[in-house]
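In listed order, ligands and their atoms are each counted from 1.
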Amino acid sequence: MVKNTLLQVWPIPAFDDNYIWCIHDGDSALVVDPGDASPVLQYLKQENLFLKGILVTHHHADHTGGILQLLQLLGSSIPVYGPAGDDIPGRTQVVIEGDKVEIASPRISLEVYEVPGHTLSHIAYFANMQANIVEPMLFCGDTLFASGCGRLFEGTPTQMSQSLAKFMALPKNTLVFCTHEYTLSNIRFALTVEPNNANLITWAQTAKSLREQNLPTLPSTIGQELQVNPFMRCDQKEVIDSALKVSGEKTLPSPAHVLAVIRAWKDRF
Ligand code: ZN
Ligand code: FE
């Protein structure tokens, strides 16, 4: 068998709608947010892969619940990268904004962003262009979803707005690996906010047909989200107008104010 030099990224479905992303080179693998060990073990076995590291975005159990079992069964020396501040089971390396996670195999370098909102210590991992990847890649946990964003369990709308702004500044071709298949319900809400967004209407058809074939709607891209995600479009007239109408406010002075309104609206949608 010829060893791949380009990295591949595959979704391992878990629970009802989680994706545990597996980054591998045909031999060595990393997994992101393993909430459950058994689908990961099964996938690694089936693909003949060796687990070399675990990346964690935030402390919720559906992202961390499988870590200890993976370490127990595959080797307690596997590094586990995760945010500070919360108890991440098995974590060996605390990473903060600006840190670089350098993995030897599979060969990849990832930059860490702190993206509070969904949780206070939530982080994301960004792999910019490098020798063995074809597009930049973002592993964003529950901060950004296709056509949506994470619920604000711990952070404020202003924090989420600033976190999403970090993603909005990334290259448009960045592949976005979200951790839940929430796309169709997010699109239903997005269409209520922006019924006239032509890109969103087209995307709704594409996403529906992908799900009918039981295919993931992910990864998305930053460029795509800028066109269809209301939480990344809080400076757009139709989004602002909808937020004004729903809130009854006369003005919403910043994108963070608009985000606060549409996030609360989505929570009761
Ligand atoms: Zn979460
Ligand atoms: Fe989650």
S.K.: Establish, yes or no, whether a centroid distance under 6.0 Å links the rings of H122 and H60.
M.R.: no
S.K.: Counting only heavy atoms from other residues, nucleotides and ligands, does the tally under 6.0 Å from CD of Q42 exceed 12?
M.R.: no
S.K.: Is it the case that atom CH2 in W10 sees more than 12 heavy atoms from other parts of the structure closer than 6.0 Å?
M.R.: no
S.K.: Under 30°, 30 to 60°, or over 60°: which ring-plane class applies to F189 and F231, parallel, tilted or perpendicular?
M.R.: parallel
S.K.: Using a distance threshold of 2.8 Å, state whether an N, O or S atom of H63 lies below it from the Fe ion (ligand 2).
M.R.: yes
S.K.: Is D267 paired with R263 through a side-chain N to carboxylate O contact shorter than 4.0 Å?
M.R.: yes
S.K.: Within 2.8 Å of the Zn ion (ligand 1), is there any N, O or S atom belonging to D62?
M.R.: no
S.K.: Atom NZ of K166 and atom CG of L144: how far apart are they, to the nearest 0.5 Å?
M.R.: 14.0 Å
S.K.: Just checking: H63, one of its N/O/S atoms, less than 2.8 Å away from the Zn ion (ligand 1), yes or no?
M.R.: no
S.K.: Does H122 put an N, O or S atom under 2.8 Å from the Zn ion (ligand 1)?
M.R.: no
S.K.: Restricting to N/O/S atoms, is D142 within less than 2.8 Å of the Fe ion (ligand 2) or not?
M.R.: yes
S.K.: Only N/O/S atoms count here: what is the atom of H60 closest to the Zn ion (ligand 1) called?
M.R.: ND1
S.K.: If I consider every N, O or S atom in D142, which one ends up closest to the Zn ion (ligand 1)? I only need its name.
M.R.: OD2
S.K.: With rounding to 10 degrees, what does the angle H180:NE2 / the Fe ion (ligand 2) / D62:OD2 come to?
M.R.: 80°
